[in-house]
Amino acid sequence: MNVLGVIENIKKAVGDIADKFNAYIKEELYHGRTAKGIHDFLQKELLPITKDMKEAGVTIDELDEYLHNRHAEEYNNHINKINPNPKLKDRGSNISTEDARDYLKNLSPERKATFEALAKQVDSIVRNTQDLLVKAGIEEKSTIDAWRKKFPFYVPLKRDELEYVTKGGGVGAGLGTRGGVSKRATGSLKSVVDIFENIALQREQAVMKAEKARVGRALYGLAIQNPNPSFWLPINPDAIKNK
């Protein structure tokens, strides 16, 4: 039975359903809300930085290179602690700490100022994406706070498209939201690809996850408000986590 059928049967039995528990309405609104969220991101956050890049004469590849080097040392330090592979020591980001320091040190003052201004906009996009996931109940605030403390210059270091899709980067099938928003970093010597593009993709996926979660909460609340063990049994996912 589809969601609409469930809703109609409940209405026949108990009368009207509060909007916050009407999963059918939430599902109907999903596509429009998702499209608006992505549109607002493109117009209000992504378009301004691309305009500034064009005016400054900075290409996406150049910005990716700066963001990668800026994040490299903190990422390498993390990998040093969790992965004993000697080949990855001080280079788990695929840029050695020494090379990253040299890159940043050798930027001209003018170029450094240009990159820093653009990077502030990137940082804002990343923070807003993280805030959205917290607001949607997908990530704990404590998790995001710890992530920000460890990686103040975080950017996604995806090694290739296949790795991103198969190891935690997707949004899940249907209206599911299972799966973390970031897989556990283990370091790699593979080339990093499309940093700026993946920052934008993370926001699009966060918007989709947030809207899917809205539908899921409505359906969960509907099941709690209308118990029927022979048809459904709502379970607190926190109660079975890590078991």
Side-chain angles (χ1 to χ4, degrees), residues 41 44-46 48-50 52-53 58 60-83 88-101 103-104 107 112 114-161 163-165 167-171 179-210:
F41 162 62
K44 298 177 181 179
E45 296 181 70
L46 197 63
I49 188 174
T50 56
D52 289 347
M53 288 169 61
V58 174
I60 289 178
D61 286 343
E62 289 171 333
L63 181 59
D64 278 357
E65 182 182 22
Y66 175 79
L67 295 172
H68 191 177
N69 278 278
R70 187 180 68 143
H71 178 44
E73 182 170 356
E74 63 189 15
Y75 187 97
N76 291 345
N77 291 340
H78 174 66
I79 298 304
N80 288 344
K81 295 177 181 178
I82 67 170
N83 193 333
L88 295 177
K89 182 172 175 57
D90 292 330
R91 61 177 303 110
S93 66
N94 194 39
I95 295 179
S96 72
T97 296
E98 181 180 1
D99 286 347
R101 289 176 177 175
Y103 168 87
L104 296 171
L107 287 172
K112 181 179 180 182
T114 296
F115 280 133
E116 286 181 344
L118 293 171
K120 285 183 180 179
Q121 295 181 68
V122 170
D123 292 341
S124 178
I125 290 174
V126 170
R127 286 194 301 272
N128 289 341
T129 297
Q130 294 169 340
D131 288 342
L132 174 61
L133 293 170
V134 171
K135 184 177 180 181
I138 297 168
E139 287 286 357
E140 297 289 340
K141 185 177 184 301
S142 58
T143 300
I144 296 300
D145 287 345
W147 186 270
R148 289 173 175 172
K149 183 177 180 179
K150 180 177 291 186
F151 300 124
F153 301 130
Y154 166 78
V155 290
L157 301 184
K158 307 303 178 184
R159 310 300 169 150
D160 56 56
E161 183 178 355
E163 177 186 52
Y164 185 64
V165 171
K167 294 186 178 180
V171 294
V181 297
S182 59
K183 70 185 184 69
R184 184 174 182 269
T186 57
S188 174
L189 298 179
K190 294 180 181 179
S191 297
V192 171
V193 298
D194 305 326
I195 291 176
F196 187 71
E197 180 180 338
N198 279 313
I199 289 169
L201 185 59
Q202 282 186 337
R203 171 62 66 82
E204 292 184 16
Q205 292 176 333
V207 170
M208 294 173 68
K209 279 181 174 286

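Hydrogens, waters and symmetry mates play no part in the numbers below; they use all other heavy atoms, side chains included.
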Any side-chain to backbone donor/acceptor pair from His68 onto Ser93? Under 3.5 Å, distance only.
yes

Backbone of Tyr103 reached by a side-chain donor or acceptor of Asn69 within 3.5 Å:
no

Which heavy atom of Ala206 sits nearest to which heavy atom of Leu133, and what is that distance?
CB-CD2, 3.8 Å

Distance-only side-chain donor-acceptor flag, Ser96 / Asp90, under 3.5 Å:
no

Please list, chain by chain and in numerical order, all residues satisfying ring pair (Phe, Tyr, Trp, His ring centres under 6.0 Å) with Phe115, sequence neighbours excluded.
Tyr66

Give me the atom names and distance for the closest heavy-atom approach of Phe153 to Glu74.
N-OE2, 3.0 Å

Shortest non-hydrogen contact between Ile199 and Pro156, atoms and distance:
CG1-CD, 3.5 Å

Could you check whether any side-chain heavy atom of Glu45 comes within less than 4.5 Å of a side-chain heavy atom of Arg203, counting everything from C-beta outward?
yes

Nearest heavy-atom contact between Ile195 and Leu157 is CD1-CD2, 4.1 Å

Would you compute the distance between atom NZ of Lys150 and atom NZ of Lys81 and round it to the nearest 0.5 angstrom?
7.0 Å

Taking side-chain contact (heavy atoms from CB on, under 4.5 Å) as the definition, give me every residue that meets it alongside Asn94, ordered by chain and number, with sequence neighbours left out.
Arg91, Arg159, Leu189, Ser191

Within the side chain of Asn76, is there an N or O that forms a donor-acceptor pair under 3.5 Å with the backbone of Ile95?
yes

Note, Phe41 side chain near Ile125 side chain (heavy atom, < 4.5 Å)
yes

Rounding to 0.5 Å, atoms CD (Glu65) and CD1 (Ile60) come to a distance of 14.0 Å

Can you sort out the partners of Arg127 under salt bridge (charged side-chain N to carboxylate O under 4.0 Å, His left out), two or more places apart, ordered by chain and number?
none

Fit a plane to each ring of Tyr154 and Phe151, take the angle between them on a 0 to 90° scale, and name the class: parallel (under 30°), tilted (30 to 60°) or perpendicular (over 60°).
tilted

List for me each residue that meets side-chain hydrogen bond (donor to acceptor under 3.5 Å, both in side chains) alongside Thr50, sequence neighbours excluded, and say none if there are none.
none

Main-chain N/O of Thr97 paired to Asn77 side chain as donor or acceptor, under 3.5 Å:
no

Using the test salt bridge (charged side-chain N to carboxylate O under 4.0 Å, His left out), find all partners of Asp145 that sit at least two apart in sequence or belong to another chain.
Lys141

Taking Glu73 for the side chain and Ala100 for the main chain, is one N or O donor matched with an acceptor at less than 3.5 Å?
no

Sequence neighbours excluded, the answer for salt bridge (charged side-chain N to carboxylate O under 4.0 Å, His left out) partners of Asp194 is none

Should the pair Asp131-Arg148 be classified as a salt bridge under the 4.0 Å nitrogen-to-oxygen rule?
yes

Nearest-0.5 Å distance, CG of residue Leu63 to CD1 of residue Ile49
6.0 Å

I'd like to know whether Phe196 forms a side-chain contact (heavy atoms from CB on, under 4.5 Å) with Val155, so could you lay out the CA-CA distance, the side-chain angles of the two residues, the decisive distance to 0.1 Å, and finally the verdict.
CA-CA 8 Å; Phe196 187 71; Val155 290; over 6 Å; no

With a 6.0 Å cut-off (strictly less than), is the heavy-atom count around CD of Glu116, excluding the residue itself, greater than 12?
yes

How many angstroms lie between atom CG of Asn198 and atom NZ of Lys158, to the nearest 0.5 angstrom?
6.5 Å

Do Asn128 side-chain atoms and Ser124 backbone N/O form a donor-acceptor pair below 3.5 Å?
yes

